[in-house]
Amino acid sequence: MGVPERPTLLFLLSLLLIPLGLPVLCAPPRLICDSRVLERYILEAKEAENVTMGCAEGPRLSENITVPDTKVNFYAWKRMKVEEQAVEVWQGLSLLSEAILQAQALQANSSQPPESLQLHIDKAISGLRSLTSLLRVLGAQELMSPPDATQAAPLRTLTADTFCKLFRVYSNFLRGKLKLYTGEACRRGDR
């Protein structure tokens, strides 16, 4: 076996560093535009959803958690300015991050937290931090100037009362709005 090509080596190295929350300084600046990166996070979210889906009566959350609505009106989405899409994705990621952290706190206070559930919560926290960092590199945060952020329509939300619903929303958000936004931003070359 030969030594992997330099871009492949950088890609593999960045995949190792991203879950740790470490800055990936030598990573290609448009790593989020590589569909394999986003697909990895989507797969992790789907695995968490599948693990919790098998538990019809639990694991339940001891209180309801507010999460972003993941429904996408594709006609309206295509008509939105990239700045409006960025605001919606940032607000959604922020709310999801808060929701997962709140679920982690609730889980820590439960009597016997399942180990596999804690693993998926930890992966989700790490994944959301990494995705936020990758979107910063893409330039999504720069598109959110203060006037645009205040004029944006309020984020539609719903509540989750089970870990299954929480992870379903997480998975759907990544497969839906985040994937749509990054795909369009990468095609347009917005950074």
Next on the checklist: If the threshold is 4.0 Å, N to carboxylate O, is there a salt bridge linking E84 and K81?
Outcome noted: no
Margin query: Run the side chain to side chain contact (heavy atoms under 4.5 Å, CB included) test on M80 and Y181 for me, step by step, so that the C-alpha distance in whole Å, both residues' side-chain angles and the decisive distance to 0.1 Å come before the verdict.
Written below: CA-CA 11 Å; M80 289 171 75; Y181 170 74; over 6 Å; no
Q.
Quick check on K179: does its NZ atom have over 12 non-hydrogen neighbours (other residues, nucleotides or ligands) under 6.0 Å away?
A.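 No - once you tally the heavy atoms of other residues, nucleotides and ligands closer than 6.0 Å, there are 12 at most.
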Margin query: Please evaluate residues V51 and L117 with respect to the criterion side chain to side chain contact (heavy atoms under 4.5 Å, CB included), reporting the C-alpha separation (whole Å), side-chain torsions for both, the decisive distance (0.1 Å), and the verdict.
Written below: CA-CA 8 Å; V51 163; L117 180 59; over 6 Å; no
State the [atom1]-[atom2] distance between [X] and [Y], to the nearest 0.5 angstrom.
| X | Y | atom1 | atom2 | result |
| --- | --- | --- | --- | --- |
| L158 | D69 | CG | CG | 5.0 Å |
| L93 | K177 | CG | NZ | 11.0 Å |
| R187 | T182 | CZ | OG1 | 9.0 Å |
| E63 | T159 | CD | OG1 | 11.5 Å |

Single-linkage hydrophobic cluster, 4.5 Å side-chain cutoff, [X] and [Y] together:
| X | Y | value |
| --- | --- | --- |
| I42 | F163 | yes |
| L135 | W77 | yes |
| Y75 | L180 | no |

message = Could you walk me through whether E184 and V82 satisfy the side chain to side chain contact (heavy atoms under 4.5 Å, CB included) test, starting with their C-alpha distance in whole Å, then the side-chain angles of each, then the deciding distance to 0.1 Å, before giving a yes or no?
response = CA-CA 8 Å; E184 186 61 29; V82 71; 5.5 Å; no
Given the options Q85, E83, Q91, V87 meets side-chain contact (heavy atoms from CB on, under 4.5 Å) only with Q91
Does the side chain of [X] reach to within under 4.5 Å of the side chain of [Y], using non-hydrogen atoms?
| X | Y | answer |
| --- | --- | --- |
| H120 | E44 | no |
| V37 | L134 | yes |
| S62 | L106 | yes |
| I125 | L101 | yes |
| L178 | V89 | yes |

Shortest non-hydrogen separation from [X] to [Y] and the atoms involved:
| X | Y | result |
| --- | --- | --- |
| L128 | T132 | O-OG1, 2.8 Å |
| K165 | T162 | N-OG1, 3.0 Å |
| A160 | L61 | O-CD1, 3.6 Å |
| I121 | Q104 | CG2-CB, 3.7 Å |
| A99 | I65 | CB-CG2, 3.4 Å |

Distance-only criterion, 3.5 Å: show the donor-acceptor pairs between side-chain atoms of residues 166-174 and protein atoms not counting sequence neighbours.
residue, atom, partner, partner atom, Å
S171, OG, E49, OE1, 3.4
S171, OG, R175, NE, 3.3
N172, OD1, R175, NH2, 2.3
N172, ND2, R168, O, 3.4

- Query: Any sub-3.5 Å donor-acceptor pair from S126's side-chain atoms to D122's backbone N or O?
  - Reply: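 Not a single qualifying donor-acceptor pair exists.
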Q: Quick one: do T157 and L95 satisfy side chain to side chain contact (heavy atoms under 4.5 Å, CB included)? Show the steps, please.
A: CA-CA 9 Å; T157 61; L95 188 56; 3.6 Å; yes
Sequence neighbours excluded, the answer for salt bridge (charged side-chain N to carboxylate O under 4.0 Å, His left out) partners of K123 is none
